[in-house]
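Notes to accompany the following structure.
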Amino acid sequence: MFESPENLTASENRKVLVIDDEPSLRMGFQFSLQNETTTVLTASDGASGLRLLTEESFDAAFLDLRMPGMDGIEVIEKLYEAGNKTPVVLCSAFITLSNVLTALRRRVPDFLLKPVSPSELRNALHRLFEPPVSPVPCALAFLRAGKSQSAIEVLSGNDPAGNSIAGAWKLLIEAAHGIRPLKDAGVRDESAFLNRILRYAE
Amino acid sequence: MLRSRLFLGLLTLVVLLWAVGGTGFVIIRDTGKRFEDGLNANYQIIELSYGYRNTTSLVNSTYLANLVIGKPGASPDAATMEKARSEAMQSHGKLKALVSGIEPWETSVRDLGNLLEAYFEAHAVEFSAPDNDSSRPARISRIISTTQKITETAAHLAKISEERMMKDTERLVAESRRNLLLITSLVVLGTCMAGLIYFQLLRDLVQPVVGLQNSINEVKRGNYESRLPSLLRANEFSKLVSSFNEMSSELRMRRNETDLRLLRKNLLNRALLSAIPSPVYVVADDFPSPVLNPAAEELNKQLGEGPVLPPKVRLLYTQCIGSGENLRPEDPREAVLFRLGSEEKYYLPRIFQFSSEDGSHTGWAILLHDVTRIRWLDDMKSNMLATVSHEIKTPLTGIRMVLLLLLEEQIGPLTEPQKTMLTSASGDCERLLATLNTLLDLSRAESGNTRLNCGPFDLAKAAAESVNLFNPNATAKNICLTLDAQPGLPTVNADGLRLREVVNNLVSNAIKHCPEGGNVRLKISRLDEDFLRLSVFDDGPGVPTEAQDRIFERFYRADNNQLDGVGLGLFICREIMRAHEGRISVREKEAGQPTEFQIDVRIT
C-alpha cells in the first residue's frame with residue numbers, strides 16, 4: 001500500500017549500539033536486544049558512543065538524551081554534520097517538545113519514553129526495519145531518509161487540528177521544518193500534544 | 001453719614017432753588033411796584049401841572065375879557081374864581097405833598113405856589129378895584145404875564161417829571177440787568193452744587209458698589225485674598241466693606257482649612273502609596289496622565305519611560321478597558337517581564353477599576369506585584385522536582401528493565417520463590433514509577449496543565465484498597481485502621497489514579513499523626529445530591545487553628561511537626577481536588593473528638 005521509501009537493511013545480522021550512562025539500563029538493553037542475529041555494543045557516554053558510531057558501522061543506535069558530558073542531542077547534531085545515516089532511536093524519561101523538534105530536523109523521528117520494557121525495546125528496533133504499513137510509520141521512514149516533504153504528504157488527511165496521531169505528526173513535521181509554528185496551528189496544550197506524538201508506536 | 005450728606009446736599013439744592021425763585025419773585029414785584037409808583041407820581045405831577053393851565057384859562061376867560069373892555073361890574077361874581085382858587089390851591093397842596101423834599105420840583109412848586117398866590121391876588125384886586133381904574137391895564141398885563149409864568153412853570157414841572165420818568169425807566173432797566181446777573185449766578189451756583197453732589201455720590205456710592213462687584217467676582221473666581229479697601233470716611237458702606245472683608249476672610253479660612261485637610265489627606269495617601277513597595281499607577285478619567293507612586297516612578301526611570309504606563313502594562317490595561325473587567329491574576333506565571341539593565345524582573349499586573357461613591361469619577365489602578373523571587377523559588381521548586389524525579393526515575397528504569405528481563409526468563413529459568421520475589425519487586429517498581437509520574441504531573445498541574453482522566457470511580461473500593469495497603473503500617477504502630485462505608489454508594493466522577501493518591505495521602509497522614517494504639521477510621525457517606533464525602537478520622541493532636549488555612553500550602557509544615565515529609569502531600573491533594581472541582585478540608589478539632597480530614601467528590 002505504501003511505497004517503501006528506501007531499501008531497508010535486510011541483513012539478518014544486525015549490529016546495534018546502546019548509548020546510556022545508566023549501567024543497569026545499558027545491561028538491560030543489551031540483554032533485551034541481543035540474540036543470535038543481533039549484536040549489541042554499548043557506550044556509557046555521548047563521546048564514546050559517537051566515536052564508535054563513526055569508527056564502526058551500525059544498523060541502529062539507542063541514544064539516551066540526558067547524559068553527562070555530551071548529551072543525546074549533541075550526538076545527533078554531530079552525526080548529522082558527519083553525514084552518518086545510522087538510524088537513531090532517542091530514548092529518555094523526559095522528552096520535551098523542543099528535543100523532538102530538534103531531533104526531527106536531524107532526521108531522527110524515533111522516540112522511546114522510559115521506562116521501557118524489553119518487549120517495547122524490541123518492537124522499537126523492529127519498527128526500524130520492517131516495511132511500513134500505515135501512514136505514521138511510513139512518514140517516519142521518509143523522515144529517517146530526510147524526505148520531510150514526502151512525510152507531510154503521506155500524513156495529509158482530514159485532521160488539520162492535529163487531534164489524531166497522524167495529524168499531530170504532520171503539524172510537528174511542519175513546525176520542525178519551519179513551515180508553520182505550532183502556535184499558529186492552534187496547538188495550545190503542548191504536553192497533550194507531545195503525549196499524542198510519543199504514542200505513535202501503540 | 002452718607003444719608004445725612006445726601007440729605008444736606010439735596011437740601012442745599014432745594015434751598016438754592018427756593019432762593020432763586022424767591023429772589024426772582026421779589027425782584028419782579030419790586031420792580032413792578034416801583035415802576036408803577038414812579039409812573040403814578042410823575043403822571044399826577046404832569047396832570048396837576050397841566051391842570052393849572054386850564055384853571056388859569058378858565059379864570060382869565062371868565063374875568064379878563066370884562067376887565068379889558070372896562071365893564072368889571074358886568075362880570076360874574078367872584079364865585080368862579082374862588083372855586084378855581086380853592087381848586088388850584090388844593091391841587092398845589094397835593095403837588096407840594098408829592099414833591100416835598102425832592103429837588104428841583106420843590107423849588108418849582110414853591111415858585112408855582114407864589115405865582116398862583118400872586119395870580120389869584122391880582123384877580124381878587126380887580127373885584128375890589130373901581131371900574132375905571134387907570135392902573136388896570138398894567139395889572140391886567142401883569143395878570144397875563146403871571147398866567148404866562150404859571151403856564152411856563154407848570155410846563156417846566158411836567159418836563160422835569162417826564163425827564164424823571166425817563167430816568168426812572170433807565171434805572172429800572174439797569175437794575176433788572178443786575179437782577180438777571182444775580183439769578184444767573186444763583187443758577188450757575190446750583191448747577192455747580194449739583195455737579196459736586198454728583199461726584200460726591202459717585203465717589204461714595206457708585207465706586208464702593210463697583211468695587212464690591214469686582215471683589216465678589218474675584219471671590220467667585222476663587223481669589224479669597226481680594227479685600228475691599230476701607231473707606232476714608234465712615235458711612236453705611238464702611239459696614240458693608242467690613243462685612244465683606246470678614247466674609248472673605250472667613251471663606252479664606254474655611255478654604256485654608258479644607259486645603260489643609262486635603263493636603264493632609266493627600267500626604268497620608270502619598271505615604272500610603274509610598275509605603276507600598278510595588279509600583280502603583282492610577283489612571284483617573286479626569287487626569288491627563290497617570291499618577292505614579294515612588295516605586296512606579298523608580299521603575300519607569302529604569303525603563304526610561306516618562307510618567308506613563310509601561311507599554312506591556314498599557315496593552316493589558318487597554319484590554320481591561322475593552323472588556324470592562326478587572327485583571328487579578330494569582331499565578332506568578334502570568335507575570336510580565338521587564339528587563340531593567342541586566343536584571344530581569346517579573347511583575348504580576350493587577351488592574352482594577354474604582355469609582356467614587358456617587359460614581360461620577362472613575363479610574364483604574366494598576367498595581368505591579370514583584371513576583372521575581374516567587375518565580376525564582378517556583379522555578380527552583382520545579383527544577384528541584386524535575387531533577388529529583390529524574391534522578392530517581394533513571395535508575396528505576398534500569399532496575400525495572402532488569403527485573404522484567406529476569407521475569408522473562410530468557411537469561412535463565414527462575415525458581416518459584418525467586419519468581420514471586422521478583423514479581424513483587426517489579427510491582428513495587430511500577431508503583432514507584434507511577435508515584436513519580438503523578439508527582440511530575442502535579443508539578444505540571446500547578447501550571448494549569450492538569451490532564452485528568454475522569455470516569456466513574458468506586459470510592460469505597462479505593463478506600464478499601466488503601467486500608468489494605470496501609471494496614472501493615474497501622475499494625476506496626478498498633479493502630480486500628482477501619483473503613484465504614486454504606487453499601488450501594490454511587491460512583492464518583494474522578495481520575496482513579498489521582499483520587500487514590502489523595503485517599504492514600506490522607507490515610508498515610510492520619511497514621512503518621514495518630515498516637516500508638518489509637519484509631520484511624522475512614523467513613524464514606526453521601527453528602528447531598530451531588531457529592532460523596534470521604535472522612536478520615538484520627539486520634540492525633542489535630543491541626544492548630546492558626547495553621548488550618550495553611551496546611552494545604554506548598555512545603556508547609558506545622559511547627560510541631562517533627563515527622564518526616566517535605567510538606568507537599570496536602571498541597572498535592574488540594575491540587576487534585578481542585579482539578580476535580582471537589583473540596584478538601586480539615587474540621588476544627590473539638591475536645592475529645594478525633595481529627596477529621598474530609599474530601600467531597602462529585603457523584604457521576
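Residue numbers start from 1 in every chain, and the chains themselves are labelled A, B, ... in the order their sequence lines are given, proteins ahead of strands.
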Salt bridge or not between D59(A) and R14(A)? Use side-chain N to carboxylate O under 4.0 Å.
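Here D59(A) does not pair with R14(A) in a salt bridge, since their nearest N and O are not under 4.0 Å apart.
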| Which atoms of L403(B) come close to chain A, meaning under 4.5 Å heavy atom to heavy atom: side chain ones, backbone ones, both, or neither? |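 For L403(B), no heavy atom lies under 4.5 Å from chain A.
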Where does I411(B) contact chain A at under 4.5 Å (heavy atoms): side chain, backbone, both or neither?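 The side chain, not the backbone.
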Which pair of heavy atoms, one from I95(A) and one from L112(A), lies closest together, and at what distance?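 Heavy-atom minimum between the residues: CD1-O, 3.8 Å.
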Would you name the heavy atoms of K419(B) and E409(B) that are closest together and state the gap between them?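 Nearest heavy atoms, K419(B) then E409(B): NZ-OE2, 3.0 Å.
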- Task: Select one option (side chain, backbone, both, neither) describing which atoms of R26(A) are under 4.5 Å from chain B's heavy atoms.
- Result: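 Neither part, no heavy atoms under 4.5 Å.
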task = Under the salt bridge (Lys or Arg N to Asp or Glu O under 4.0 Å) rule, what do E408(B) and R122(A) come out as? Steps first, then yes or no, please.
result = CA-CA 13 Å; E408(B) 272 183 350; R122(A) 285 181 208 116; 2.8 Å; yes
